[in-house]
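In what follows, a structure is listed as structure tokens, so that the remarks can point back to it.
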Amino acid sequence: MSVTAPSAGPPARSGKAAALGWLLTIGLNVVAPIVTYNTLTEDHGWSEFSALLLSSAWPVLDTAVMAAWRRKVDEFAVVTLVFLVITAVVSLVGAHTARALLVKDSGVTGLFGLLCLGTLLAPRPLMFYFGRKFATDGTPESTTWWNGMWQYEGFRSTMRTMTLVWGVAYVAEALTRIALAYALPTDTMVVLSPVMIYGVLAALGVWTAWFGRRRAAEGARRAAEAEAAAAATAA
């Protein structure tokens, strides 16, 4: 994720540390929960709630591994855990018809959007932590560099704007899918719902990369103008 940055760039990335960190992150936060959930529900007859509850143990393990390895809590794993908890809670609410399940799926993404918006009131918004996960290799040097970027107003504005856009987009996506769940046949929504979920995610990813590059370019331009003005004054 590109961001508005000062002239001093990030430290060199450690390919080995980044690769190992991502293997752990993807394996324990994405692959393991999905495999666990599918195995328990399809092969062993577990309820959705029980399977989700046990699946949430993997992000907890990831948090423990990262805390022991790098002596810090991995916010990405924490958010994944929160997302799984939200999904488990929502799955218990109301009826269990096909339409109700579609509405519940929308509720999960809507709650994630509200989570994004809620963090705008926190000292640092959610995209700051997501950005640190994607823009650094997790080493102390790169983490310290990313944390130090918070002192720059342009960086803070970029993180807050990204968080706002993600939050609004997911709340709007959830409301739209809930409305469509009642307006369209269930078999149509079964196909359309995942398309909307991943379509919005892809659109947000593209927009985030574009917006980050634009803000970085603006920051570099302003820095160059300030240096030129300072040189002219000195001359």
Side-chain angles (χ1 to χ4, degrees), residues 1-14 17-18 21-22 25-26 29-30 59 62-63 66-67 70-83 85-86 108-174 197-226:
M1 182 185 299
S2 301
V3 294
T4 303
S7 56
R13 292 169 65 92
S14 169
W22 274 109
T25 295
I26 299 301
N29 287 278
V30 180
D62 183 43
T63 300
M66 289 299 177
R70 291 172 176 164
R71 300 190 183 279
K72 72 179 184 68
V73 175
D74 189 340
E75 294 84 1
F76 187 87
V78 172
V79 171
T80 302
L81 176 60
V82 170
F83 192 79
V85 171
I86 290 174
V108 171
T109 55
L111 287 172
F112 177 75
L114 292 176
L115 175 64
C116 288
L117 297 177
T119 62
L120 292 173
L121 302 176
R124 297 182 183 185
L126 187 60
M127 284 302 122
F128 170 84
Y129 300 104
F130 273 35
R132 188 168 69 186
K133 184 67 179 179
F134 287 95
T136 73
D137 57 10
T139 57
E141 294 78 13
S142 62
T143 300
T144 298
W145 164 76
W146 183 265
N147 292 342
M149 294 285 286
W150 189 253
Q151 66 184 297
Y152 300 101
E153 189 280 331
F155 180 85
R156 297 194 299 270
S157 174
T158 298
M159 293 297 103
R160 291 190 177 111
T161 300
M162 288 180 175
T163 303
L164 175 63
V165 170
W166 276 69
V168 170
Y170 268 113
V171 169
E173 180 268 350
I197 293 173
Y198 292 109
V200 170
L201 178 60
L204 285 172
V206 171
W207 175 84
T208 299
W210 169 81
F211 183 72
R213 286 194 298 268
R214 192 187 78 169
R215 294 301 297 267
E218 290 175 354
R221 177 179 54 79
R222 287 194 296 268
E225 290 174 351

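None of the values given here were measured: they were computed from a predicted structure.
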Do the ring planes of Y170 and W166 sit parallel (below 30°), tilted (30 to 60°) or perpendicular (above 60°)?
tilted
What's the separation between atom CG in L120 and atom CG in L115, rounded to the nearest 0.5 Å?
10.0 Å
Distance, nearest 0.5 Å, that separates CE of M149 from CH2 of W145
5.0 Å
Check for a donor-acceptor pair, side chain of T163 on one end and backbone N or O of M127 on the other, with a separation under 3.5 Å.
yes
Could you tell me the separation between the CZ atom of R160 and the CG atom of L126, rounded to the nearest 0.5 Å?
13.5 Å
Main chain of T158, side chain of T161: is a donor-acceptor contact present, judged purely on distance under 3.5 Å?
no
Identify the heavy atoms of G167 and C116 that sit nearest to each other, and give their distance.
CA-CB, 3.6 Å
Step by step, work out the side chain to side chain contact (heavy atoms under 4.5 Å, CB included) result for M162 and W207.
CA-CA 9 Å; M162 288 180 175; W207 175 84; 4.1 Å; yes
Does a side-chain heavy-atom distance below 4.5 Å link E173 with I197?
yes
Would you check if N147 and R124 make a side-chain contact, meaning some heavy-atom pair closer than 4.5 Å?
yes
Any idea how W150 and F155 line up, ring-wise: parallel (<30°), tilted (30 to 60°), or perpendicular (>60°)?
perpendicular
Tightest non-hydrogen contact, residues A174 and T109, listed as CB-OG1, 3.8 Å
Going by an N to O cut-off under 4.0 Å, is there a salt bridge joining E218 and R215?
yes
